[in-house]
Amino acid sequence: MKTSLLLVSVVSLLVAHIGAQDTIRGVNVGGWLILEKWLGGDIWDSAPDAVDEWTVCESLGDNATSAMQTHWSTFFTQDTVNQLASYGINALRIPIGYWSIISNSSEPYVTGAMDYLDQAIGWANTAGLKVWVDLHGVPGSQNGYDNSGHEGSVSWQTYTPNQQLTLEVLQILAAKYSLSIYSDTVVALELVNEPISWTPNDINITRQFYLNAYAAVQLALTDNKDLQIIMHDSFEDLSYWSDLPVTLLAQYGQIGLDTHIYQVFTSDYENLDGDGHLEAACAFQDTIGPSNALLSTYAGEWSAALDVCAYVNGTILPGEYCSEDGCQCTSDDPSTWNVTLLDYMRRFVEAQMDVFEGNGTGYFYWSHTGPGAWNFISGVEQGWIPQPLTDRKFPGQCGFTLPDVTGTITSKRLRRSYQRRVMRGQLGSL
């Protein structure tokens, strides 16, 4: 009896604020305040041998500040925000690097990006959009990817002062963006983007950092005590993080879990045909749903990028190139895609949207611009991203239809179903 009462109390704590949390239909602002070469920008013409923001600034030397300011003022503008809003986007996830908050004279980075972040938050406010501030690059690099600011080695955890500096950066961001002047727009702060869970990182250290960072950010909050604190899944199963609400004594909505879902990059997807990719997209409901029952779970990054080809007989097969007359591949310019490939890509996008909206708390497409199927704006203009975003040309692909395809969609009913299953022990113990 005591055990049952304890379980009920724990679940009640987790879902106290479950409410009608609006679904996020967002877009990432990639390649702007942290450079990524593959996403483009004229600045790369000035530093053709550079591979990341570190080497761009290093290469340009005294000219780096003016070059970066030109990039910041042209790559993403108020017109871009208004265009995204007109397409039904209701939120932006904006990556920023630690060097924009606390500079280090021994590093080649230049400062000034925070002014543009503030400007973008103002544009978002005017357009009625919400903003996630995403700490995308941390001292020492959390993953060695270009998106951390410095491609190559990973020393975020192996050099102890790096984590303390990260906490200081997060406290500065939390104190600023929880001020009342931002509270209508800035709704979340992401602690660190994509920290790898493998060597030289240690997932146990990442986990402890999340606990420490949550406490540090909570202490730093000023006016808006409801600023959501987002933790990336570190490429671990979502179930690994299921105890966080209990461990942190956090009510539903205080913390969020960010998972990044791409059907490229790994061998798991390279041999899938068209139906296989759709099945894989639908299968994510089996992990996102139970996770979202316990803490708000988002597809913080996803895209339509695939390596498939559409043949004249209508089949969709894996590949980047094909020689058959009339065959087209996703590697071709999307503006030239035929009806068969456009319809398939629309199906793939809708299946993912259904899963993220019907089982999670929303999504952020990667990115607002970029090559091929990475480009959200092009996707809308070319028809493989629906308009409005709730429109479905291929409804029910994943075994369910969204409860309200015309307005705000919430996952309240599904979350409660998952929560009942947790209490009955069908999804494991807490």
Enquirer: Using 4.0 Å as the upper bound for N to carboxylate O, is an ion pair formed by Asp258 and Arg93?
Expert: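 The answer is yes: the pair qualifies as a salt bridge.
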Enquirer: So does Tyr159 have more than 12 non-hydrogen atoms from other groups sitting under 6.0 Å from OH?
Expert: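 No, not enclosed.
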Enquirer: Kindly write out the residues that satisfy ring pair (Phe, Tyr, Trp, His ring centres under 6.0 Å) with Trp132, not counting sequence neighbours, or none if the list is empty.
Expert: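 Ring pair (Phe, Tyr, Trp, His ring centres under 6.0 Å) check on Trp132 returns Tyr298, Phe364.
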Enquirer: Around atom CG of Asp42, are there more than 12 heavy atoms from other residues, nucleotides or ligands closer than 6.0 Å?
Expert: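 Check fails, neighbour count at 12 or below.
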Enquirer: Consider only side-chain N and O atoms of Glu301 and Tyr262, and report whether a donor and an acceptor are under 3.5 Å apart.
Expert: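 Their side chains do contain a donor-acceptor pair, which is all the 3.5 Å distance test asks for.
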Enquirer: Between Asp22 and Lys130, is there a salt bridge with N-O shorter than 4.0 Å?
Expert: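 Between Asp22 and Lys130 there is no salt bridge, as every charged N stays at least 4.0 Å from the carboxylate O atoms.
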Enquirer: I'd like to know whether the aromatic ring centres of Trp156 and Phe209 sit less than 6.0 Å apart in this structure.
Expert: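 When the ring centroids of Trp156 and Phe209 are compared, they turn out to be within the sub-6.0 Å range.
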Enquirer: Given disulfide bond (SG atoms under 2.5 Å apart), test Cys309 with Cys322 step by step and report yes or no.
Expert: CA-CA 7 Å; Cys309 299; Cys322 57; 4.2 Å; no
Enquirer: Please determine, by modelled atom types, if Thr247 and Asp243 share a side-chain donor-acceptor pair under 3.5 angstrom.
Expert: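 Yes.
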Enquirer: May I ask you to check whether Ser239 and Asp237 show a side-chain donor-acceptor distance below 3.5 Å?
Expert: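 Looking only at side-chain atoms, Asp237 and Ser239 do not form any donor-acceptor pair under 3.5 Å.
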Enquirer: We want to know whether Thr185 and Asn125 form a side-chain donor-acceptor pair, criterion being a heavy-atom distance below 3.5 angstrom.
Expert: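 Asn125 and Thr185 do have a side-chain donor-acceptor pair below 3.5 Å.
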Enquirer: Looking at Asp354 and Arg392, does any basic side-chain N land under 4.0 Å from a carboxylate oxygen?
Expert: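 Arg392 and Asp354: salt-bridged.
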Enquirer: I'd like to check the disulfide (SG to SG under 2.5 Å) partners of Cys57; sequence neighbours left out, ordered by chain and number.
Expert: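 Cys57 satisfies disulfide (SG to SG under 2.5 Å) with no other residue.
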Enquirer: Do Thr390 and Glu357 have side-chain atoms, one donor and one acceptor, less than 3.5 Å apart?
Expert: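 No, Glu357 and Thr390 have no side-chain donor paired with an acceptor closer than 3.5 Å.
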Enquirer: For the residue pair Asn313 / Thr315, report whether a side-chain donor-acceptor contact shorter than 3.5 Å exists.
Expert: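 A pair is found: one side chain offers a donor N or O, the other an acceptor, under 3.5 Å apart.
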Enquirer: Would you say the side chains of Asp333 and Thr336 form a donor-acceptor pair under 3.5 Å?
Expert: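 Asp333 vs Thr336: no donor-acceptor pair found between side chains.
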Enquirer: Please verify the inter-ring angle class for Phe235 with Trp198; under 30° counts as parallel, over 60° as perpendicular, anything in between as tilted.
Expert: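 Tilted: the ring planes of Phe235 and Trp198 meet at 30° to 60°.
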Enquirer: Only pairs at least two apart or in different chains count here, so list each ring pair (Phe, Tyr, Trp, His ring centres under 6.0 Å) that has a residue in residues 316-338.
Expert: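 Sorted pair list: Trp337-Trp384.
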Enquirer: Classify the side-chain pair Trp99/Glu53 by whether it contains a donor and acceptor separated by less than 3.5 Å.
Expert: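 Their side chains do contain a donor-acceptor pair, which is all the 3.5 Å distance test asks for.
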Enquirer: Taking the side chain as everything from C-beta on, heavy atoms only, tell me whether Ile377 gets closer than 4.5 Å to Thr80.
Expert: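 The answer is yes, as the side chains (C-beta and beyond) meet within the 4.5 Å cut-off.
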Enquirer: Does the pair His232 and Glu190 meet the rule for a side chain to side chain donor-acceptor pair (under 3.5 Å), with working shown?
Expert: CA-CA 8 Å; His232 182 261; Glu190 184 152 5; 5.9 Å; no
Enquirer: Checking side-chain contact (heavy atoms from CB on, under 4.5 Å) against Gln328, which of Asn338, Thr340, Leu342 comes through?
Expert: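 So, applying the side-chain contact (heavy atoms from CB on, under 4.5 Å) to Gln328 and each of Asn338, Thr340, Leu342, only Asn338 qualifies.
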